[in-house]
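Worksheet: the structure to be examined is printed underneath.
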Amino acid sequence: VISEIHTTDELVNNMAMNIEKYKKDLAIFIDNSTYFEPSSRSEKSTEFLKLLKRILTQAKNLYGINIAFIVICHTNKIERDARLDLNVLKGNGNLNNFADRVTAIGRVPKHNDKRYIKVLKSRTGNIDEKLRIYRTSGNPRFIYIGDAKEDDVLDGRYREPKETISEDLGKKWYQEKLAGKGYGTIAREHFKLPAVDKNDTDEIKKEKQKRFEKNKGIVKYQIKKYKEK
């Protein structure tokens, strides 16, 4: 954990100390992109990138380990639902050029509890045109719920996908019910619903219970539907 770092030298020395201490692959989070920012500090940011590259090379050569730098930054002042691309990231082009991968998190319009993740740059593969959509309440904090086209998301046309159940799955649930399992047990096992934890906040407990009741209802409806067939 790096805290209260005020200068480039302090940051680099701290990184070197941790590399020497652990001698294994590390992920180093830099929760501030100040050193990458432009204006009169353009030379400063360039020198800082050179230092990071030197650390990467030395760690590889001396210990055979890999270092992943994860830099967190904010967008420039833009409209709330503006399209996210490399141009809106705070900082100069040095950071974007240096990075192997750039990923952005945006808010889904008209859905306060949903965020989308968009890959803006990747040196290791193709970039998917669709956005990955997540619900932000519950535990874990980000729950993946599906993909969607960017235009649909930003134009407010996104609709959360409904659960689709095959006839084979309906049959499986029906047989499990005959074997003595309750609707709630089947729902927890199939949808991998997390149990309520004593450390959960009231909000998280409420969200978990809401998801449980919803999916329990899906199981009950599908079993009834299969039985009627």
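- Ion pairing of Asp100 with Arg123 is present here, as a side-chain N (NZ or NE/NH1/NH2) and a carboxylate O approach within less than 4.0 Å.
- Between Tyr174 and Gln222, the closest side-chain pair of non-hydrogen atoms is not below 4.5 Å.
- At least one cation-pi condition fails for Arg115 and Phe142: the charged atom is not both under 6.0 angstrom from the six-membered ring centre and inside a 45 degree cone around its axis.
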Evaluate the side chain to side chain contact (heavy atoms under 4.5 Å, CB included) criterion for residues Phe191 and Ile218: first the C-alpha distance (whole Å), next the side-chain angles of each, then the deciding distance (0.1 Å), finally the verdict.
CA-CA 11 Å; Phe191 295 102; Ile218 291 173; 4.2 Å; yes
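- Minimum interatomic distance between Ile127 and Ser122 (heavy atoms only, all atoms of both residues): CD1-N, 4.0 Å.
- Residues Leu193 and Arg211 meet the side-chain proximity criterion, which asks for heavy atoms closer than 4.5 Å.
- Residues Met15 and Leu62 fall within the same hydrophobic cluster, defined by Ile, Leu, Val, Met, Phe, Trp and Tyr side chains chained together at heavy-atom separations under 4.5 Å.
- Remark: Lys220 NZ is loosely packed, at most 12 non-hydrogen atoms of other residues, nucleotides or ligands lying under 6.0 Å away.
- Rounding to the nearest 0.5 angstrom, the gap separating the OG1 atom in Thr103 from the CD1 atom in Ile117 is 7.5 Å.
- A 4.5 Å side-chain heavy-atom check between Tyr116 and Leu84 finds at least one atom pair inside the cut-off.
- Ile28 has its side chain within reach of Ile67: a pair of non-hydrogen atoms, C-beta onward, lies under 4.5 Å apart.
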Starting from the C-alpha separation in whole Å, work towards a yes-or-no answer on side chain to side chain contact (heavy atoms under 4.5 Å, CB included) for Ile19 and Ile55.
CA-CA 9 Å; Ile19 291 170; Ile55 290 173; 3.4 Å; yes
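- Residue pairs meeting the side chain to side chain donor-acceptor pair (under 3.5 Å) criterion with at least one partner in residues 58-67, sequence neighbours excluded, are Glu20-Tyr63, Lys60-Asn66.
- Here the CZ atom belonging to Arg107 is positioned 13.5 Å from the CG atom belonging to Leu154, to the nearest 0.5 angstrom.
- Remark: Glu189 pairs with Lys181 by the salt bridge (charged side-chain N to carboxylate O under 4.0 Å, His left out) rule, at least two apart or across chains.
- Counting only heavy atoms from C-beta outward, the side chains of Val219 and Ile223 approach each other to under 4.5 Å.
- In this structure Tyr183 satisfies the ring-ring contact (aromatic ring centres under 6.0 Å, His included) test with no other residue, sequence neighbours excluded.
- Atom CD1 of Ile105 and atom CD1 of Ile72 lie 9.0 Å apart (nearest 0.5 Å).
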Please lay out, stage by stage, how Phe69 and Leu56 fare under the test side chain to side chain contact (heavy atoms under 4.5 Å, CB included).
CA-CA 9 Å; Phe69 290 108; Leu56 292 173; 3.6 Å; yes
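- For the residue pair Pro109 and Gly156, the shortest heavy atom distance occurs at CB-CA, 4.5 Å.
- Listed here is the closest heavy atom pair of Asp197 and Asn199: OD1-N, 2.7 Å.
- No donor-acceptor pair closer than 3.5 Å links the side chain of Lys208 to the backbone N or O of Pro194.
- Contact record, Ile133 with Asp147: CG1-C, 4.4 Å, taken as the closest heavy-atom pair.
- The shortest distance between side-chain heavy atoms of Tyr226 and Leu169 does not fall below 4.5 Å.
- Atom OG1 of Thr57 is separated from atom CZ of Arg54 by 9.5 Å, given to the nearest 0.5 angstrom.
- Taking the six-membered ring for Trp and thresholds of 30 and 60 degrees, Trp173 and His190 have ring planes more than 60 degrees apart, a perpendicular arrangement.
- The only member of Lys205, Lys206, Glu213 that meets side-chain hydrogen bond (donor to acceptor under 3.5 Å, both in side chains) when paired with Gln209 is Glu213.
- A heavy-atom distance below 4.5 Å is found between the side chains of Phe98 and Leu52.
- Across all non-hydrogen atoms, the minimal contact from Arg135 to Glu207 is CD-OE2, 3.7 Å.
- Residues satisfying the side chain to side chain donor-acceptor pair (under 3.5 Å) criterion with Lys227, sequence neighbours excluded, are absent altogether.
- Using a 4.5 Å cut-off on side-chain heavy atoms (C-beta onward), Val102 and Leu86 make contact.
- Lys23 NZ: more than 12 foreign heavy atoms inside a 6.0 Å radius.
- Take Arg83 and apply the salt bridge (charged side-chain N to carboxylate O under 4.0 Å, His left out) test, not counting sequence neighbours, and it matches Glu150, Asp151.
- Not counting sequence neighbours, the partners of Arg157 by the salt bridge (charged side-chain N to carboxylate O under 4.0 Å, His left out) test are Asp152, Asp155.
- No donor-acceptor pair under 3.5 Å is formed between the side chain of Lys118 and the backbone N or O of Gly106.
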